[in-house]
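Read the numbers this way: they start at 1 and go in the same order the structure lists the ligands and their atoms. All of these numbers come straight from a predicted model, not from anything done at the bench. The figures that follow rest on heavy atoms only: side chains count, while hydrogens, waters and symmetry mates do not.
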Amino acid sequence: GTSDLFATCSKNDIRVWHTPEHRELLRIVVPAIATCHAIEFMRDGRSIISAWNDGKIRAFMPQTGRLMYVINHAHSLGVTAIATTSDCKRIISGGGEGQVRIWEIREKTRKLEEVLKEHISAVSCIKINKNDRECVTASLDGTCIIWDIIRFARKQMILANTLFKCVCYHPEECQIITSGTDRKIAYWEVFDGSAIREVEGSASGSINGMDITSDGAYFVTGGDDHLVKLWNYNEGAVTHVGVGHSGNITHLKICPGNKYIVSVSADGAILLWNYPGSH
Ligand SMILES: *[C@@H]1O[C@H](CO)[C@@H](O)[C@H](O)[C@H]1NC(C)=O
């Protein structure tokens, strides 16, 4: 909830950064030889939840880096995606085997509540809606699924000839946008899963990461063309292009308050961009 801090994950470690000074505040090194695929701050700021290729979900204290808990065997082929509900009571994880798992998080216990088995390949991205009742999962199997996470049922399935890498809810939650290896940015209706429009996201290379502003007016994408692109949502048009990465962009985020965009690439670079018009 602040633009002053962000965290990144990679092979063996998680790092917390102080944005104004471009300084590393904390490095959490895991003793196992493992790669962290995804992280999220719990909304209350009390934990960093992380998804690892050794099948574990690890939670750390953000100030000290101390390990709070581990969920062992969370997924059989590595934990590939993770999200947390805004009430801090649940973690939703996705695995390399395609399962989506819902965990109940209490002070001292972590309980597996439900396993959703519909994806047949790795889950690449999970987003939860604002009231914590619904989520969308993107998968390399070419589907995105919208789930009711109260009744544990599939609401909609979106199919495309692509390996989906990223998905975002528009803040009004009537539409989602997706992207992946077909380099297309597709807009979909949440209500019935129908396609609304499609725009060419990149001339070459997969789109791997995407984020949207809190008012839904703009979104950013990044991928194998090494470019950070800012888009006008309604027009589906690029307004700004960031040139700087020399590796494939794997993820990117717009910080709260639209002050910065943070993008990371496979060569280990972290680039901090001034959000256009904010400085
Ligand atoms: C970067 O993307 C290109 C094109 O998609 C791919 O061939 C290459 O293997 C990727 N490199 C890395 C390090 O992931």
Can you give me a line-by-line list of nitrogen or oxygen pairs between ligand 1 and the protein shorter than 3.5 Å?
residue: ligand 1; atom: 2 (O); partner: Asp224; partner atom: OD2; Å: 3.2
residue: ligand 1; atom: 2 (O); partner: Asn248; partner atom: OD1; Å: 3.2
residue: ligand 1; atom: 2 (O); partner: Asn248; partner atom: ND2; Å: 2.3
residue: ligand 1; atom: 5 (O); partner: Asp224; partner atom: OD2; Å: 2.7
residue: ligand 1; atom: 11 (N); partner: Asn248; partner atom: ND2; Å: 2.9
residue: ligand 1; atom: 14 (O); partner: Asn248; partner atom: ND2; Å: 3.4

Next on the checklist: Suppose we call two aromatic rings close when their centres sit under 6.0 Å apart. Are Tyr233 and Tyr187 close by that rule?
Outcome noted: yes
Quiz item: Do the numbers put Arg23 on top of the ring of Trp17, so that NZ or CZ is under 6.0 Å from the six-membered ring centre and no more than 45° off the axis?
Solution: no
Residue pairs meeting salt bridge (charged side-chain N to carboxylate O under 4.0 Å, His left out), one or both in residues 222-250, sequence neighbours left out, come to Asp225-Lys229
Indicate every side-chain donor-acceptor pair of residues 28-43 with a distance under 3.5 Å to a residue at least two apart or in another chain.
residue: Glu40; atom: OE2; partner: Thr84; partner atom: N; Å: 3.0
residue: Glu40; atom: OE2; partner: Thr84; partner atom: OG1; Å: 2.7

Residue pairs passing the salt bridge (charged side-chain N to carboxylate O under 4.0 Å, His left out) test with at least one member in residues 113-124, sequence neighbours excluded, are Arg90-Glu113, Glu118-Arg154
Requested in this report: For atom CG of Asn161, decide whether the heavy atoms of other residues, nucleotides or ligands shown that lie under 6.0 angstrom number more than 12.
Outcome: no
